[in-house]
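All chains are named by letter (A, B, ...) in the order of the sequence lines, taking the proteins before the strands, and each is independently numbered beginning at 1.
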Amino acid sequence: MTPQALVPYMIFIPLSAAFLIPPFGKKFKKAGDVISCAASACVTALGLYLASSVALSKVLVHKPYGWQAPFGVALVVDGLSGVFLIAMNIVALVVAIYSIGYLDTYTDRWKFSSLFMLLVAGINGVLISGDIFTLYIFLEIAAISGYFLVAFGIAPDGLEAAFKYAVMGALASVFVLLGIALIYAHTSTLSIAGISSAISAGQQTDVLKFAAVLLLAAFSLKAALVPFHAWLPYAYSSAPAPISAMLAGVSTKVLGVYTIMRLFFVMFGPSPQISVILITLGVLSMVVASIMAFVQVDIKRLFAYSSISQIGYVALGLGIGTPLAVFGALFHLLNHSAFKPLLFLASGAITRLTGTRNMGKIRGVMKDSPVTGMATLVGALSICGVPPFGGFWSKLIIILACIQARRPILAFTAVAVSMLTLAYYFRSLTQVIFGKPLTHGKREGAVTMSMGIAMITLVVISASMAVLLLPNTGNAVIKEAVSVILNGKSYAAMVAGVLK
Amino acid sequence: CKEGRAPVLSSDQGIINMVDPIPQAMVLVSIVLGLVLTLFLVAVAIRIYEKYGTFDITKINRLKG
């Protein structure tokens, strides 16, 4: 089986798992979890295989049933998709393992597993679609599954958060559809490669600029860049812990940042105005979210604002656009996908142990459950950028890239926000992790083995993210993705050639 | 254009005069997605009424900041 033939299985496996879970899950209590973990494991392995094939052949194009362009819809895996495929599916697998233990207090666990598989299918679909409308369809699948999952458990604040998230997300989706319609009217093709060649052949009309702005606004909302971030603190704090982890580590990255990379660097081609906008959004996110994080008492809301701030770093790196900056942005995004889910899973365990999310009432987690305490500690150190954890290297690269691009003010802002990050994490978490455990009665449950395994896995991954800087291993993987972003147009041309 | 025929690809007729099938497909997909979204919002609204006792959005405001 050539790698090309295996590409659609990235979608097919989780999708079929999503439909297999209801009949089995109703009968056997844990069947849903088993199927979802198995499917996640399969998809992770497949993602690793596809990404390594891409390292050899640059681009994998799958034409379903052999339909040629312009009739066919192609699935494309290139360097950028490969990196995301590996990272996002590993996060999904870890979260699936975590859910085995976490869902003990919920009824109807099979519904969760089924929706989770739909989310994974949607995410993988966005990553491998070679067609802008396919991208939209899978974007919607992933987003709507996300809305359902945030509301899962029907706690009052979960419902309120899901409602607000859904309304804002729907607005973003309408903008995406309008942008796609305008682009189609202008270029009369929907495949990303085709649109790319049509845009570079023709001239930049106002219609295209309008479509670009619409798309940028929509995807910035999905990525939760300030000022489009309002839904995120609600959704992240009120969702069940594994869903917060998935949203933070996967959804915002793929539905927001990956689509911006794909559409604005590969399809539209780099432009100075978009870079300025990205830098502005990035700086706003970094600064505003860090300031808001200082006044939070809810632990998950703190992590939510921290996520917004870190995505600001990524947008800043993308906006600057030099090779070093894009490398730093991508590396920081991968790091964040490892640390933030770790922090959210740990917060779920903390909530299990103490029954509250209020940091004023939580003390001494390290004594209560060393695994959880260690997880929180490693996650916090990594996000703050303490060496030797990966966060230090990625922030350093972004700051160096700012200086290299002769933007000392941006570098200074990045350093200042980094210090702010350290400050608010210190302020909030020292007493939470260390210190004497309070005597409290509301222990909702124990930190089960599956939760512990998941957290330890992420701790190991986070601690070793710096390995990606070594020349042989990850450098090849990330550099491939960076070259896709920087030489976007030539990649699109290559795909267009294969499509013919 | 006056006579646009149905967008069926057949070997004996050319692609002239065919109606563009893509906008129809896009609109259908967006209708279905809008349906799912509306159903979700309605279901959540029902549950919100059970928990909060009101539909007034200014009162459904337990999450602050």
Side-chain angles (χ1 to χ4, degrees), chain A residues 67 70-71 73 131-134 136-137 139-141 143-148 150-151 153-167 169-171 173-174 176-178 180-181 184-185 188-190 230-231 233-238 292-293 295-298 300-302 304-305, chain B:
Chain A
W67 283 102
F71 299 122
V73 169
D131 191 87
I132 200 175
F133 196 60
T134 314
Y136 173 68
I137 295 177
L139 187 89
E140 285 302 284
I141 293 180
I144 295 184
S145 309
Y147 309 153
F148 275 96
V150 169
I154 52 175
D157 48 347
L159 290 171
E160 180 191 337
F163 196 86
K164 295 181 176 173
Y165 178 26
V167 168
L171 183 66
S173 302
V174 165
V176 173
L177 189 60
L178 189 54
I180 292 178
Y184 178 65
S188 73
T189 174
L190 281 178
W231 57 272
Y234 297 102
Y236 278 28
S237 52
S238 312
M292 300 265 337
V295 298
Q296 299 305 319
V297 272
D298 181 332
K300 288 172 84 170
R301 238 177 146 95
L302 175 79
Y305 277 106
Chain B
C1 60
K2 296 183 224 20
E3 330 84 28
R5 63 177 190 83
V8 180
L9 194 62
S10 63
S11 46
D12 55 339
Q13 290 175 316
I15 314 190
I16 321 179
N17 267 351
M18 188 193 283
V19 172
D20 188 358
I22 297 231
Q24 312 174 22
M26 284 173 68
V27 170
L28 265 175
V29 169
S30 56
I31 290 176
V32 172
L33 288 171
L35 172 72
V36 173
L37 198 62
T38 311
L39 285 177
F40 170 73
L41 290 175
V42 167
V44 171
I46 293 177
R47 295 283 193 175
I48 285 185
Y49 188 73
E50 287 173 10
K51 305 269 177 177
Y52 285 77
T54 173
F55 277 133
D56 188 353
I57 197 87
T58 56
K59 295 204 178 61
I60 304 175
N61 206 1
R62 280 190 210 172
L63 303 173
K64 294 281 185 344

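The contact between A:Leu190 and chain B is made entirely by side chain atoms (from C-beta outward), counting heavy-atom distances below 4.5 Å. With a 4.5 Å cut-off on non-hydrogen atoms, A:Phe148 touches chain B through its backbone and its side chain both.
Here B:Ile22 contributes atom CD1 and A:Tyr184 contributes atom OH; the two are 4.0 Å apart, rounded to the nearest 0.5 Å.
Nearest heavy-atom pair, B:Leu33 versus A:Tyr136, reported as atom, atom and distance to 0.1 Å: CD1-CE2, 3.8 Å. In plain terms, the two heavy atoms of B:Tyr52 and A:Glu160 that are nearest each other are OH-OE1, 2.6 Å.
The side-chain heavy atoms of B:Val44 and A:Tyr147, taken from C-beta on, include no pair separated by under 4.5 Å.
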From CA spacing to verdict: side chain to side chain contact (heavy atoms under 4.5 Å, CB included), B:Val29, A:Phe133
CA-CA 10 Å; B:Val29 169; A:Phe133 196 60; 3.8 Å; yes
